[in-house]
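Here, residue 1 is the first one in the sequence, and each next residue gets the next number. For ligands, and for the atoms within them, numbers begin at 1 and follow the listed sequence. Note that the structure is a prediction, hence the values are computed from the model and not measured.
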Amino acid sequence: MHNLIDNLTLDAVEQWLRQDDRDALEPLWAAADAVRREHVGDAVHLRGLIEISNYCVRQCAYCGLAVTNPYLERYRMSDEEVLDCARQAHRFGYGTVVIQGGEDYGLETDRIAGLIRKIKSELPLAVTLSLGEREPKELAAWRTAGADRYLLRFETSDPELYARIHPPRPRQTYDRFDLLRRLRELGYEVGSGVMIGIPGQTYRTLARDILKFEVFDLDMIGVGPYIPNPLTPLGRGEDVFAVDPDDQVPNEEQMTYKVIALTRLVCPQANIPSTTALATINRDAGRELGLSRGANVVMPNVTPVKYRTRYEIYPGKACLNETAQACQGCLRGRIHAIGRFVGQGPGGRLR
Ligand code: 5AD
Ligand code: FES
């Protein structure tokens with residue numbers, strides 16, 4: 001096992017990603033599970049996800065919330081609604097809330113700062129933000145207000161592919177990697193990640209992505225399969241960045257486990273969720289298999305069902321019609337069934 005872990009060069013990571021033999025993959029699963037247990041233990045931390053707004057100014061070619069999708073009925077939650085979700089998350093025993101939305105400037109800087117203060121003064125919760133590529137001064141104001149963590153996936157480390165699927169905002173002077181550095185300087189715990197199997201993503205690129213997690217020493221890393229959304233250009237197969245079919249990463253379940261496992265090996269202490277996208281492509285066992293192959297976090301949705309169905313980044317999202325109450329019972333059962341337990345408290349990065 002040590003041999004496996006000590007030799008994770010770019011070539012080795014790529015070889016693991018290309019490995020399709022079930023027996024040959026067993027040592028990878030075993031190593032990831034052992035490293036997970038050694039560094040972050042058997043606790044599974046639950047983060048209550050609050051989808052605060054589905055407005056977005058961006059035009060990401062893969063995402064259903066993009067401004068270019070005219071079919072989505074837009075919503076923005078009130079402070080009181082968000083607070084109610086946070087209270088519910090606390091009652092369920094979750095130690096963190098994640099406030100996520102599109103890049104929505106209707107969520108004004110001061111309003112979000114005030115909301116963070118309200119949550120932090122009333123509830124003993126860690127607050128994670130996932131609100132897109134906001135201005136550095138806004139990120140600073142939210143940190144001052146008490147936000148603990150920020151999630152911003154870089155989606156792919158290939159600049160050409162990135163430019164293609166993620167057009168810049170006019171006059172934007174910073175990119176995601178600049179922002180990740182800024183977030184770190186501001187004292188946030190920093191999370192990032194990528195999608196798996198975006199058209200145009202090669203094995204080499206994905207191997208580079210995984211080694212980038214290590215270079216950035218990320219505190220949290222979210223990875224999940226790309227799920228085509230027919231209401232987006234990429235989902236309709238438009239403007240695809242063509243690569244040799246032998247090099248194209250498939251957006252499949254097995255590939256997702258490989259990425260989770262390799263991520264655990266390069267970032268032993270990181271908090272790694274078993275994501276909703278993974279649960280979407282295997283509803284029966286995706287979450288559990290993610291947790292058994294390197295992950296240690298799950299992010300149950302606590303958004304009111306009436307909004308949840310409109311937060312349609314991709315179609316067929318797992319738990320779309322389950323209440324927050326149903327998911328919390330379901331998850332506890334699933335976690336116990338694989339011999340793990342629900343973590344108490346905020347569950348921040350251990351150092
Ligand atoms: N399939 C899977 N994941 C997606 N995301 C956005 N669109 C899709 C899609 N079609 C992911 C991105 C984003 C996160 C919130 O959701 O990685 O950062
Ligand atoms: Fe939502 Fe199982 S986690 S129903």
Exercise. Would you say Glu73 has more than 12 foreign heavy atoms packed within less than 6.0 Å of its CD?
Worked result: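 Atom CD in Glu73 is not packed in, count stays at 12 or less.
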Exercise. Do other residues, nucleotides or ligands put more than 12 heavy atoms under 6.0 Å from the CD atom of Glu26?
Worked result: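 Count over threshold, so yes.
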Exercise. Tyr257 and Val249: same hydrophobic cluster, using ILVMFWY side-chain contacts below 4.5 Å?
Worked result: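 The answer is yes; both residues are in one hydrophobic cluster.
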Exercise. Any idea how His166 and Tyr162 line up, ring-wise: parallel (<30°), tilted (30 to 60°), or perpendicular (>60°)?
Worked result: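 The rings of His166 and Tyr162 lie parallel, inter-plane angle below 30°.
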Is any side-chain N of the basic residue among [X] and [Y] closer than 4.0 Å to the acidic one's carboxylate O?
{"X": "Arg74", "Y": "Glu312", "result": "no"}
{"X": "Glu155", "Y": "Arg176", "result": "yes"}
{"X": "Asp217", "Y": "Arg349", "result": "yes"}

Exercise. Touching ligand 1 at all, Asn229? Heavy atoms, strictly under 4.0 Å?
Worked result: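 No; Asn229 lies far enough from ligand 1 that no heavy-atom distance drops under 4.0 Å.
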Exercise. Ligand 1 versus Tyr62, non-hydrogen atoms closer than 4.0 Å: side chain, backbone, both, neither?
Worked result: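 The answer is both.
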Exercise. What part of Pro225, side chain, backbone, both or neither, has a heavy atom within less than 4.0 angstrom of ligand 1?
Worked result: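 Just the backbone.
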Problem set entry | Distance flag, aromatic centroids of Phe177 and Phe154, threshold under 6.0 Å |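 So the answer is yes for these two rings.
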Atoms of ligand 1 less than 4.0 Å from [X] heavy atoms?
{"X": "Glu155", "answer": "12 (C), 13 (C), 17 (O), 18 (O)"}
{"X": "Arg153", "answer": "11 (C), 12 (C), 17 (O), 18 (O)"}
{"X": "Ile313", "answer": "4 (C), 5 (N), 6 (C), 7 (N), 8 (C)"}

Exercise. With only distance considered, is Gln100 within less than 3.5 Å of ligand 1 through an N or O on each side?
Worked result: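 No.
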Problem set entry | Short N or O distance, Ile227 and ligand 1, threshold 3.5 Å exclusive |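 There is such a contact, yes.
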Exercise. Within 45° of the six-membered ring axis of Tyr188 and under 6.0 Å from that ring's centre, is NZ or CZ of Arg143 located there?
Worked result: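 Output yes; distance and angle both within limits.
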Exercise. Regarding Arg134 and the six-membered ring of Tyr105, is the cationic atom NZ or CZ under 6.0 Å from the ring centre and inside 45° of its axis?
Worked result: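 Judged by the rule, Arg134 and Tyr105 form a cation-pi pair.
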For this session: Taking only heavy atoms of Arg287 into account, list the atoms of ligand 2 that are under 4.0 Å away from them.
Result: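 Taking each heavy atom of Arg287 in turn, ligand 2 has 3 (S) under 4.0 Å.
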Exercise. How long is the span from the OG1 atom in Thr232 to the CG atom in Asn229, to the nearest 0.5 Å?
Worked result: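 CG of Asn229 is found 4.5 Å from OG1 of Thr232.
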Exercise. Which protein N, O or S atoms lie under 2.8 Å from atom 1 (Fe) of ligand 2?
Worked result: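 You should have found Cys319 SG, Cys327 SG.
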For this session: Note the single closest protein heavy atom to atom 3 (N) of ligand 1, along with its residue, its atom name and the distance in Å.
Result: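 Protein heavy atom with the smallest distance to atom 3 (N) of ligand 1: Met195 SD, 3.5 Å.
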